[in-house]
Number of protein chains: 2
Amino acid sequence: MEKKRGAVTIYDVAEEAGVSMATVSRVINGSPNVKPATRKKVLEAIRRLGYRPNAVARGLASKRTTTVGVVIPDISSAFFAELTRGIEDIANMYHYNIIICNSDQQKQKELQLSETLLEKQVDGLLFLGSEVTDEHREIFDGALVPVVLAATVDRKGKYPSVSIDQKQAAFDATEALIREGHREIGLICGPLTDTINAYPRYEGYRAALEKHGLSFREDLVRIGDYRYRSGISAMESLLAAPSPPTAVFVAGDEMAVAAIHAVQDAGKSVPGDVSIIGFDDIPLASQVRPQLSTVSVPMYDIGAVAMRLLTKYMNDEPVENHEVVLPHRLEFRESTRTRGED
Amino acid sequence: MEKKRGAVTIYDVAEEAGVSMATVSRVINGSPNVKPATRKKVLEAIRRLGYRPNAVARGLASKRTTTVGVVIPDISSAFFAELTRGIEDIANMYHYNIIICNSDQQKQKELQLSETLLEKQVDGLLFLGSEVTDEHREIFDGALVPVVLAATVDRKGKYPSVSIDQKQAAFDATEALIREGHREIGLICGPLTDTINAYPRYEGYRAALEKHGLSFREDLVRIGDYRYRSGISAMESLLAAPSPPTAVFVAGDEMAVAAIHAVQDAGKSVPGDVSIIGFDDIPLASQVRPQLSTVSVPMYDIGAVAMRLLTKYMNDEPVENHEVVLPHRLEFRESTRTRGED
DNA sequence: CTGTTAGCGCGTTCAA
DNA sequence: TTGAACGCGCTAACAG
């Protein structure tokens with residue numbers, strides 16, 4: 001086992017096998033134009049030397065790195081962790097690796113990270129969950145590789161994307177509450193400046209009220225930051241209002257579960273006194289009691305489909321639909337009176 | 001804005017700026033040996049051409065890629081997602097990027113992924129949460145870059161690692177239950193074939209019983225797979241036993257929360273009838289009612305410290321402690337009678 | 001302070 | 001079926 005220190009190269013293998021480096025390259029890349037006997041010689045030399053192909057050199061020569069970049073808001077959030085798993089599974093299936101960067105949804109970081117990823121010559125870029133501005137477009141356009149958006153969309157329709165219809169989903173959730181007979185329906189959602197997630201959900205909520213002839217009441221709306229703590233305070237505040245809602249659409253599961261607890265802490269029951277419906281369907285939703293009724297978003301699929309779409313672009317395969325909208329559905333569990341089979 | 005198609009190179013910039021490529025290289029790499037005036041010229045040429053340095057070429061020439069590989073069991077699990085966030089934050093701080101691969105703790109995948117990562121010439125490797133076998137060692141030894149383990153240890157002490165003392169943590173958790181006055185204490189843990197997580201926790205549990213003169217009862221032990229569903233069945237099974245335990249150490253938070261619910265579903269209360277203590281302290285633990293008392297494991301820190309350690313090795317900095325054992329602590333919440341300040 | 005010149009390890013013609 | 005030679009884009013001596 002005479003492994004050389006400092007990297008065995010294709011030349012060493014060629015020498016050891018008594019062939020040229022071109023031949024070694026051929027067997028490594030599975031070229032059919034190699035006599036079985038020589039192939040065998042080379043393979044043995046590779047094994048003897050413990051040769052490990054240098055992907056960087058290969059990348060420089062071939063202009064393909066078989067790695068894609070992923071810019072993500074926060075890998076530690078249940079939503080994006082699951083989405084990332086979808087991405088990685090498909091990437092792995094197509095023999096790509098992924099470089100992951102957390103942006104915390106800060107525009108400057110998003111831009112800088114995208115730039116870095118492009119410098120690393122990724123074969124494609126996946127941009128997740130954040131708004132695409134002209135500054136983003138400038139970078140993406142300068143990329144010589146495809147860019148696909150996931151869990152967000154390009155308002156200008158310039159980049160392909162995979163997402164769900166947020167407004168419709170929020171509409172559906174709110175309407176479900178209305179169908180349950182509620183007329184005072186509260187809303188807890190993220191900062192309305194977030195045009196990708198919060199605002200569309202807010203719009204969906206309002207649209208549902210309007211359709212059913214219910215008036216929109218500003219005092220029934222609270223803004224949170226998607227985290228548990230903020231859900232508690234938002235709900236407490238709603239409960240303390242002059243005329244509290246009998247149902248609340250909470251545009252984020254963590255906040256929704258918090259809302260349930262806030263209601264319970266106030267000595268009331270869910271869904272007895274207040275119905276709660278969430279958004280996302282992260283594992284937490286079904287790991288609490290009462291289990292949370294929520295909008296089920298296909299997180300894994302969004303990632304998987306986005307990655308699959310990216311592979312098509314990278315291989316110049318034709319793609320039929322550039323803006324994929326995956327279906328969502330309502331998952332009725334125990335925090336609303338409407339149950340699964342009703 | 002005359003951006004050339006097909007990559008602007010350092011040569012183009014040199015020509016545009018009227019200097020040699022070496023000079024361009026110098027300003028890109030922030031070498032101090034460049035006259036301010038020249039630097040300015042180059043910088044402008046770079047901007048005009050929209051030049052983006054090719055990190056692959058740089059990697060080949062410099063033999064450093066500023067990226068590290070991460071082999072992780074499952075990024076979608078709350079535990080590893082948080083740990084990964086710690087890794088990425090520190091990596092980012094030191095200007096490294098991370099390539100993440102899910103192994104699902106399958107040895108073959110672990111080996112194959114490590115190999116791929118090494119081929120990609122990562123500057124270092126982080127191996128997480130799984131057992132290190134001789135086959136792993138063979139690959140790691142063949143790597144010309146440092147390898148650091150996180151949330152696992154090398155039984156042979158060959159590789160540096162960052163983890164907690166699992167056995168001690170389990171001992172502490174079990175002892176807390178004993179101190180509460182329980183004498184029939186159950187255990188729900190992972191498959192004992194897992195020598196990194198499950199077995200040490202099992203040992204700690206037994207050690208605590210022994211220390212306090214309690215006999216170990218096989219019939220009070222159940223095996224799960226760390227997921228919610230398995231926690232439900234394990235607890236149901238325990239409750240159905242001839243003489244059920246009055247307290248259970250559940251070696252995983254998701255299963256622990258499930259255990260709470262199983263107790264409640266049986267019409268009993270936690271901690272009134274049964275005390276439950278978990279392990280890990282993932283967000284879920286404090287997002288359910290009653291809130292779960294558990295062993296708090298510094299997940300983020302394990303990742304952060306491991307990455308920091310890796311940077312030291314990559315830069316040949318001296319390191320004092322090769323086997324870092326981070327402190328754990330008991331977080332008493334509501335699923336045990338012992339509370340925070342008692 | 002700046003330019004010249006070798007490679008880095010491999011893919012890929014083009015001939016043989 | 002195989003080999004020789006060039007080039008991918010950049011870093012790193014070494015001169016000057």
Side-chain angles (χ1 to χ4, degrees), chain A residues 4-43 45-46 49-67 116 118-123 144-145, chain B residues 4-43 45-46 49-67 116 118-123 144-145:
Chain A
K4 295 185 187 178
R5 269 293 118 196
V8 177
T9 78
I10 203 171
Y11 281 100
D12 303 321
V13 176
E15 188 176 359
E16 174 82 10
V19 299
S20 79
M21 56 153 292
T23 301
V24 177
S25 175
R26 289 194 184 93
V27 348
I28 293 173
N29 295 297
S31 160
N33 306 321
V34 181
K35 207 198 307 179
T38 16
R39 180 189 305 283
K40 185 150 169 283
K41 274 196 306 186
V42 173
L43 255 17
I46 286 179
L49 266 33
Y51 168 69
R52 181 149 42 209
N54 182 325
V56 171
R58 178 185 304 201
L60 183 59
S62 69
K63 294 180 173 302
R64 295 192 66 242
T65 56
T66 63
T67 108
T116 300
L118 260 11
E119 288 183 3
K120 296 220 169 176
Q121 309 302 117
V122 291
D123 292 337
L144 279 44
V145 298
Chain B
K4 295 186 184 178
R5 269 296 118 197
V8 178
T9 79
I10 204 173
Y11 280 101
D12 303 323
V13 176
E15 186 176 0
E16 174 84 10
V19 298
S20 78
M21 54 160 296
T23 300
V24 177
S25 176
R26 289 196 183 90
V27 347
I28 291 173
N29 295 298
S31 160
N33 307 320
V34 182
K35 204 198 311 179
T38 342
R39 181 187 306 282
K40 185 148 171 283
K41 271 197 308 186
V42 173
L43 256 17
I46 286 179
L49 267 35
Y51 169 70
R52 179 147 45 205
N54 182 325
V56 171
R58 178 184 306 199
L60 182 58
S62 69
K63 293 179 173 304
R64 296 190 66 242
T65 56
T66 63
T67 108
T116 300
L118 260 13
E119 287 183 4
K120 296 219 169 175
Q121 308 302 115
V122 292
D123 292 336
L144 280 45
V145 298

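Keep in mind that this is a model prediction, so the values were computed, not measured. Letters A, B, ... mirror the listed sequences (proteins, then strands); counts begin at 1.
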Using 0.5 Å steps for rounding, measure from the CG atom of B/N54 to the CD atom of A/Q121. 3.5 Å
Per the end-axis method with five pairs at each terminus, what is the bend angle of the helix from C/dC1-D/dG16 to C/dA16-D/dT1, to 10°? 30°
Under-3.5 Å N/O pairs linking protein and nucleotides 10-12 of chain C:
| from | atom 1 | to | atom 2 | distance (Å) |
| --- | --- | --- | --- | --- |
| C/dC10 | OP1 | A/Y51 | OH | 2.3 |
| C/dC10 | OP1 | A/N54 | N | 3.1 |
| C/dC10 | OP2 | A/I10 | N | 2.4 |
| C/dG11 | OP1 | A/N29 | OD1 | 3.3 |
| C/dG11 | OP1 | A/N29 | ND2 | 3.1 |
| C/dG11 | OP1 | A/R58 | NE | 3.1 |
| C/dG11 | OP2 | A/S25 | OG | 2.7 |
| C/dG11 | OP2 | A/N29 | ND2 | 3.4 |

Separation of C/dG9 P from B/E119 CD (nearest whole Å): 15 Å
Nearest 0.5 Å, please: how far is OG1 in A/T65 from NZ in A/K63? 11.5 Å
Can you tell me if A/D12 uses its side chain to pair, donor with acceptor, with the backbone of A/V8 under 3.5 Å? no
Calculate, to the nearest 0.5 Å, the distance between atoms CZ and CG belonging to A/R52 and B/L144 respectively. 7.5 Å
Separation of atom CG in A/L60 from atom P in D/dC10, rounded to whole Å: 9 Å
Length of the CD-C1' vector between A/E15 and D/dG3, whole Å: 15 Å
Starting at OH of A/Y51, measure out to CD1 of A/I28 and round the result to the nearest 0.5 Å. 3.5 Å
Rounded to whole Å, CG of A/N33 lies from C1' of D/dG3 at a distance of 14 Å
Nearest-Å distance for atom pair CZ/C1', residues A/R39 and D/dT1: 11 Å
Donor-acceptor contact present, side-chain A/D123 to main-chain A/T66, <3.5 Å: yes
Scan A/V56 against the nucleic acid and name what it touches under 4.0 Å (heavy atoms): base, sugar-phosphate only, or nothing. nothing
Please determine whether a side-chain nitrogen or oxygen atom of B/K63 lies at a distance below 4.0 Å from atom OP1 or OP2 of C/dG9. yes
Among C/dG9, C/dT2, D/dG3, the one nearest A/S20 by side-chain distance: D/dG3
Answer with yes or no whether the side chains of A/T67 and A/K120 bring together a donor and an acceptor at under 3.5 Å. no
Using 0.5 Å steps for rounding, measure from the CG atom of B/N33 to the CZ atom of B/R39. 9.0 Å
Under 4.5 Å between any side-chain heavy atoms of B/V34 and B/V42, yes or no? no
